[in-house]
Novice: 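There's a structure below that I have some questions on.
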Amino acid sequence: MKVRSLRLTQIIYSVVVAIGVILLSIIISFVLLKSLRRTTEDKISYFISADAHQMELNVDNYFNNVQQVTALLFSDKGYYLYDATDTSLSEYQKIQSEELILSRIVDLGMMNNFCDFGIVYANDSTTGWISQTTGQMFKDSSIYSYFSSVIPADNPKQDAWIVNVLGNTERIYYVKRLNPNAVCVVSFYISELENVLAVPNELSDMSVRLVTGDDYVIYSTDAEETASSLDPALVDIIGENVGITAINDDYLITSNSLANGWKVVCSMPASAIMADQVAATKTLVVAVSLITVLVVLTMLLITTRLNYSVKGVVEDLDYQARNDLMTNLLNKSTYRKLVENDLSSYNGKQAIAFLMFDLDNFKEVNDAAGHKFGDEVIKNMAELFRDVFEDEGALIGRVGGDEFSVYKSYNDISRDDAEKRIHDLTMKLYEQFNVKFKEENEIYGLTVSSGILVTGAGEYKFD
């Protein structure tokens, strides 16, 4: 009886100790995993917010370019004061004026992928190019009355951005009043924004949307959301706020306001953010259930693995924030910052070289071969810059659609030697360009132009 009683006591003691170890392991694991979840959410939130802000800047820059091109029609009174409804003008005068305006519109629109870029007058006559698609939309109604009416009377700029024009969900329209009887109409395909709203591979579960002020989804990486109202669940979380990051049990959401009143809204399911942690928690529960002795070691192993995962995501997101997504060269803002930092510090500099490169006739490549082929040209050009200048230790940036820039400061050679070295490298680039893009040159007339400055050290600014 005593032996049986002792064994029973040992069993009970062992069970109590085992339960105690399991409970202690679970409590410690819960505390650490909760802390890790908070840290992971904070880091991921920061980088999603940074990526969303970059998208906001990209879209604003794209829209601003459209506005600037349109504003150039105000450079001459003959462009914006002409009124096709003026009965005092002879047919000859009208023809002369419209030919002048058409020439100006062609010059301005040549480098842009506009679907429409023309002027509509109160009598529904047009100058410039108004696409057949737009013309057919207004076959039974006044095109001028429609576009004139969308410009708010209290808008001092007398312009408006509109979408879903008579059911057309594929284009964005920009309208600018030129005079009481004329408006300029510009449009482009919404798909043109795919590159500036591209989702990094590390955030493949994130959805990105371009949304109007009344929560109409113009574009979304989730095709099912496009041309519909924003999910009410997301609207409730965002409310009237912009420039915020919000998180609940279901989503992490950012909302950034554009200059024209529209928004870039990004969201990621909370489950996707914490997918690694969910898997680690399940592994931990199984481990605790199977063997109590290794609970703490298993917890530390999982925690280490999670920290490694977060570190990898953070490093990848930091790379995405610094580099141009298409070419992996420095993006414009990072390139400018690094050049400014170098210019502001002396560090023994004896010479400074600053180079600008531009692809000539690149629009012909895009127009004739398509944007996918044009993107490959840009990528190949970026590779050429790396082949020529990377060993020199130079900063290489993509500063425009087909514009690149190179910067290098020299501590060990004189200005004359630096100028010779830069000259040799540039000649090497031109030689390799002629070989690499021989076919594009023959078919489309693709060439590259450069501007080069080599100077001694001094008080210089990026601009």
Side-chain angles (χ1 to χ4, degrees), residues 48-71 112-117 134 146-177 183-199 206-246 251-268 333:
I48 290 178
S49 178
D51 196 69
H53 179 62
Q54 183 63 51
M55 292 182 188
E56 169 205 341
L57 295 177
N58 291 344
V59 176
D60 263 338
N61 287 339
Y62 194 99
F63 287 179
N64 186 55
N65 176 66
V66 175
Q67 292 174 310
Q68 288 179 343
V69 171
T70 306
N112 295 278
N113 297 321
F114 295 151
C115 302
D116 297 279
F117 185 28
T134 299
Y146 182 91
F147 285 118
S148 178
S149 66
V150 300
I151 301 176
D154 57 351
N155 181 356
K157 294 183 179 180
Q158 284 294 283
D159 62 357
W161 288 91
I162 53 175
V163 292
N164 198 16
V165 174
L166 298 184
N168 187 320
T169 59
E170 297 181 348
R171 298 183 183 184
I172 294 176
Y173 285 81
Y174 174 68
V175 186
K176 174 79 171 178
R177 181 169 295 284
V183 294
C184 181
V185 176
V186 184
S187 80
F188 55 89
Y189 284 113
I190 294 173
S191 58
E192 292 288 332
L193 301 176
E194 288 181 359
N195 286 336
V196 298
L197 293 173
V199 177
M206 183 171 72
S207 296
V208 180
R209 310 162 188 83
L210 179 62
V211 182
T212 64
D214 56 359
D215 296 322
Y216 173 82
V217 180
I218 303 170
Y219 167 82
S220 174
T221 51
D222 181 356
E224 294 182 358
E225 290 186 324
T226 301
S228 63
S229 296
L230 185 62
D231 185 345
L234 301 182
V235 175
D236 289 341
I237 297 172
I238 299 172
E240 298 297 324
N241 299 311
V242 291
I244 65 159
T245 299
Y251 295 102
L252 185 151
I253 304 172
T254 65
S255 175
N256 294 76
S257 179
L258 302 175
N260 69 347
W262 293 354
K263 297 175 288 189
V264 174
V265 177
C266 303
S267 69
M268 178 178 284
S333 60

Novice: With heavy-atom distances below 4.5 Å as the criterion, would you say the side chains of Trp262 and Val163 are in contact?
Specialist: yes
Novice: How close do Arg209 and Ser267 get, counting heavy atoms only, and between which atoms?
Specialist: NH2-OG, 2.9 Å
Novice: Answer yes or no: is there a donor N or O on one side and an acceptor on the other, between the side chain of Ser220 and the main chain of Thr226, under 3.5 Å?
Specialist: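 No.
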Novice: Report the distance from atom OG of Ser257 to atom CG of Asp60, rounding to the nearest 0.5 Å.
Specialist: 8.0 Å
Novice: Nearest 0.5 Å, please: how far is CD1 in Ile190 from CD1 in Ile218?
Specialist: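 CD1 of Ile190 is found 6.5 Å from CD1 of Ile218.
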Novice: Check whether any side-chain heavy atom of Ser333 lies under 4.5 Å from a side-chain heavy atom of Gln54, and answer yes or no.
Specialist: yes
Novice: Roughly how far apart are His53 NE2 and Thr254 OG1, rounded to 0.5 Å?
Specialist: 11.5 Å
Novice: Do any N or O atoms from the side chain of Asn112 and from the backbone of Phe114 form a donor-acceptor pair under 3.5 angstrom?
Specialist: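 The answer is no, because no donor-acceptor pair under 3.5 Å joins these two groups.
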Novice: Which heavy atom of Ala198 sits nearest a heavy atom of Met55, and at what distance?
Specialist: O-CE, 3.2 Å
Novice: Look at the aromatic rings of Phe63 and Trp161 and report parallel, tilted or perpendicular, splitting at 30° and 60°.
Specialist: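 Geometry flag for Trp161 against Phe63: parallel rings.
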Novice: Measure across Ile162 and Tyr146 and return the closest heavy-atom pair with its distance rounded to 0.1 Å.
Specialist: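 The answer is CD1-CE2, 4.2 Å.
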Novice: How would you list, by chain and number, every residue that makes a salt bridge (charged side-chain N to carboxylate O under 4.0 Å, His left out) with Asp116, sequence neighbours excluded?
Specialist: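 Asp116 satisfies salt bridge (charged side-chain N to carboxylate O under 4.0 Å, His left out) with Arg171 only.
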Novice: At their closest point, which heavy atom of Tyr216 faces which heavy atom of Ala227, and how far apart are they?
Specialist: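 Residues Tyr216 and Ala227, closest heavy atoms: OH-CA, 3.2 Å.
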Novice: Do Asn195 and Tyr62 have side chains that approach each other closer than 4.5 Å (heavy atoms only, starting at C-beta)?
Specialist: no
Novice: Do any N or O atoms from the side chain of Asn61 and from the backbone of Leu57 form a donor-acceptor pair under 3.5 angstrom?
Specialist: yes
Novice: What heavy-atom pair brings Leu258 and Glu56 nearest, and what distance separates the two atoms?
Specialist: CD2-O, 3.6 Å
Novice: Under 3.5 Å, side-chain donor or acceptor atoms of residues 150-159 against the rest of the protein: list the pairs with distances, not counting sequence neighbours.
Specialist:
| from | atom 1 | to | atom 2 | distance (Å) |
| --- | --- | --- | --- | --- |
| Asn155 | OD1 | Lys157 | N | 3.0 |
| Asn155 | ND2 | Asp159 | O | 2.7 |
| Asn155 | ND2 | Asp159 | OD1 | 2.9 |
| Gln158 | NE2 | Pro152 | O | 3.2 |
| Gln158 | NE2 | Asn155 | O | 3.0 |
| Asp159 | OD2 | Tyr174 | OH | 2.8 |

Novice: Which distance, rounded to the nearest 0.5 Å, do you find between the OG of Ser228 and the CG of Asn164?
Specialist: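 Answer for the OG-CG pair, Ser228 versus Asn164, is 11.0 Å.
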Novice: What pair of heavy atoms forms the shortest contact from Ser148 to Val183, and how long is it?
Specialist: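 Shortest heavy-atom separation between Ser148 and Val183 comes out as CA-CG1, 4.4 Å.
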Novice: Is any side-chain heavy atom of Tyr219 closer than 4.5 Å to a side-chain heavy atom of Ser191?
Specialist: no
Novice: Run Asp215 and Lys263 through salt bridge (charged side-chain N to carboxylate O under 4.0 Å, His left out) and show every step you take.
Specialist: CA-CA 9 Å; Asp215 296 322; Lys263 297 175 288 189; 2.9 Å; yes
Novice: What distance separates Phe117 CZ from Cys115 SG, expressed to the nearest 0.5 Å?
Specialist: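 Atom-to-atom, Phe117:CZ and Cys115:SG are 13.0 Å apart.
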